[in-house]
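Everything numeric here is computed off the predicted structure, so don't read it as measured data. In each ligand, atom 1 is the first atom listed, and ligand 1 is the first ligand listed.
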Amino acid sequence: MDFALSEEQSAIFDMAKAFGQEHIAPHARAWEAAGTIPKELWPEIGALGFGGLYVSEESGGAGLSRLDATLVFEALSMACPSVAAFLSIHNMCARMLDSFGSDDLKARYMPQVLSMETVLSYCLTEPGSGSDAAALKTRAARTNEGYVLNGTKAFISGGGYSDAYVVMVRTGEDGPKGVSTVIVEDGAKGLSFGGLEDKMGWRSQPTRQVQFDDCLVSADNLVGEEGRGFTYAMKGLDGGRLNIAACSLGAAQQALDMTLAYMGERKAFGKPIDQFQALQFRLADMEIELQAARTFLQQAAWKLDTGAPDATKFCAMAKKFVTEAGSRIVNQCLQLHGGYGYLADYGIEKLVRDLRVHEILEGTNEIMRLIVSRQMLADR
Ligand SMILES: Cc1cc2nc3c(=O)[nH]c(=O)nc-3n(C[C@H](O)[C@H](O)[C@H](O)COP(=O)(O)OP(=O)(O)OC[C@H]3O[C@@H](n4cnc5c(N)ncnc54)[C@H](O)[C@@H]3O)c2cc1C
């Protein structure tokens, strides 16, 4: 058993961290205030190979492992969790296209997806179905011209911003077996968007409802086979959960680094606050929790990379554990900054707000517990 990162993995982490600190961190607050991430950023990220981190090399992707990818998300999230998480969604969609898309579909979309001239959104949730995603109602009726889509997707990260949408639709019976996946390009007739959601965190990412009103999509835009869309969507989520957890990890590390520095400078009762043993113990507790979270996340990623039969359970456990640890840590860091932690200038309150949603999306942490306990009962 070897817990060390390889030289290549350390280099990937360092490259992502350097890019984030130079090109994202200085602008993160301004992008948050603007409610959008400049589109020009994505081709720069694509040029680093981050548009298809675990898209196979045969398809032109970086062909990295899931473990490698978590390093990229951890490093970028040190600059801004909102930007890093948005990239994670694009990567999840890119991988779905690579794994299940036809050669024709890949030829048409993959080059621009990898260069990030085409940014992808993932559309599963609907106003009436979130956790119970298989109850989705958006219908795609097959006609001679292709599929005609009707319905609404809710909470879509990149809604009204992305260049194409990977949409889970109902083509058949109720339940998961009646779901298919199609790609809908921005500008398609019958595609429209709701108003911008006003959110607690992830504010630089535009979130909107995505609406389909007799939206015609070519039959060639079906991803894989009809009726397999729910399986594809769930396969995407195993890796997506690791990435979101990695985003929590990176932000928590950043907050802890900032807090360590701050505690050496800030004085109370005549000495730096890092001299109070009660606070030193809190630092130790955060470090222990952070290191445990990192090890657990990397183990789950390794399980997914090696095709372990319990990979889904481990991804769910890691997502729950790491996102909750990350939120606890950034909140503690805010506390250790006193009143200054509550001010935007100190960079901590944004992390508290950004990380909260990681406990809700890519499957809520209650659903993560459901996946874990279901597997435990089945194995009994
Ligand atoms: C900022 C943001 C961005 C998002 N981006 C996307 C996106 O890009 N694409 C996308 O498809 N979706 C996206 N989502 C949607 C997200 O995945 C859902 O909000 C999430 O899956 C929960 O669904 P829900 O909101 O309908 O909650 P519900 O499913 O209504 O859940 C309500 C509560 O009940 C709990 N609950 C539900 N069922 C059970 C159960 N069986 N056992 C125990 N507890 C249960 C939940 O954990 C939760 O606490 C986004 C959400 C947010 C907030």
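For atom 42 (N) of ligand 1, the closest heavy atom belonging to the protein is L370 CD1, 4.2 Å. When hydrogens are left out, the protein atom nearest atom 2 (C) of ligand 1 is L361 CD2, 3.6 Å; that is the closest non-hydrogen contact. Among protein heavy atoms, the minimum distance from atom 28 (P) of ligand 1 is reached at S131 OG, 3.7 Å. Scanning the protein heavy atoms around atom 53 (C) of ligand 1, the nearest turns out to be V357 CG2, 3.5 Å. At the shortest separation from atom 6 (C) of ligand 1 among protein heavy atoms lies F155 O, 2.8 Å. In this structure, atom 23 (O) of ligand 1 lies nearest to the protein heavy atom G130 CA, 3.3 Å. Nearest to atom 49 (O) of ligand 1 among the protein's heavy atoms is E366 OE1, 3.5 Å. Nearest protein heavy-atom neighbour of atom 9 (N) of ligand 1: Y122 O, 2.7 Å.
Salt-bridge formation is detected for the pair E74/R294: a Lys NZ or Arg NE/NH1/NH2 atom is positioned less than 4.0 Å from an Asp or Glu carboxylate oxygen.
With no hydrogens or angles considered, no side-chain donor-acceptor pair links S6 and E8 at under 3.5 Å.
Using a 4.0 Å threshold on non-hydrogen atoms, atom 30 (O) of ligand 1 does not count as touching the protein. Less than 4.0 angstrom separates atom 33 (C) of ligand 1 from none of the non-hydrogen atoms of the protein.
For R66 and Y54, the positive end sits near the middle of the six-membered ring, less than 6.0 Å away and at most 45° from its axis.
Within the 4.0 Å heavy-atom criterion, neither part of E197 lies near ligand 1. Proximity of T364 to ligand 1, defined as any heavy-atom pair under 4.0 Å, is confined to the side chain (atoms from C-beta onward).
Residue L124 has at least one nitrogen or oxygen atom sitting less than 3.5 Å from a nitrogen or oxygen atom of ligand 1, judged on distance alone. At a 3.5 angstrom cut-off on N or O pairs, S129 does not count as close to ligand 1.
Residues passing the ring-ring contact (aromatic ring centres under 6.0 Å, His included) test with F230, sequence neighbours excluded: none.
How far CG of L249 is from CD of Q298: 8.0 Å, rounded to the nearest 0.5 Å. Here the OG1 atom belonging to T207 is positioned 8.5 Å from the CZ atom belonging to F86, to the nearest 0.5 angstrom.
For residues 273-297, the set of pairs meeting the ring-ring contact (aromatic ring centres under 6.0 Å, His included) definition, not counting sequence neighbours, comprises F296-F321.
Contact atoms of ligand 1 toward I360: 20 (C) (distance under 4.0 Å to a heavy atom of the residue). Those atoms of ligand 1 with a heavy atom of K199 less than 4.0 angstrom away are 1 (C).
Of the residues R369, R356, K319, the one that meets the salt bridge (charged side-chain N to carboxylate O under 4.0 Å, His left out) test with E324 is R369. Under the side chain to side chain donor-acceptor pair (under 3.5 Å) test applied with E32, the options R353, H27, K350 reduce to a single match, R353.
Two rings, from W302 and F3, have their centers 6.0 Å or more apart.
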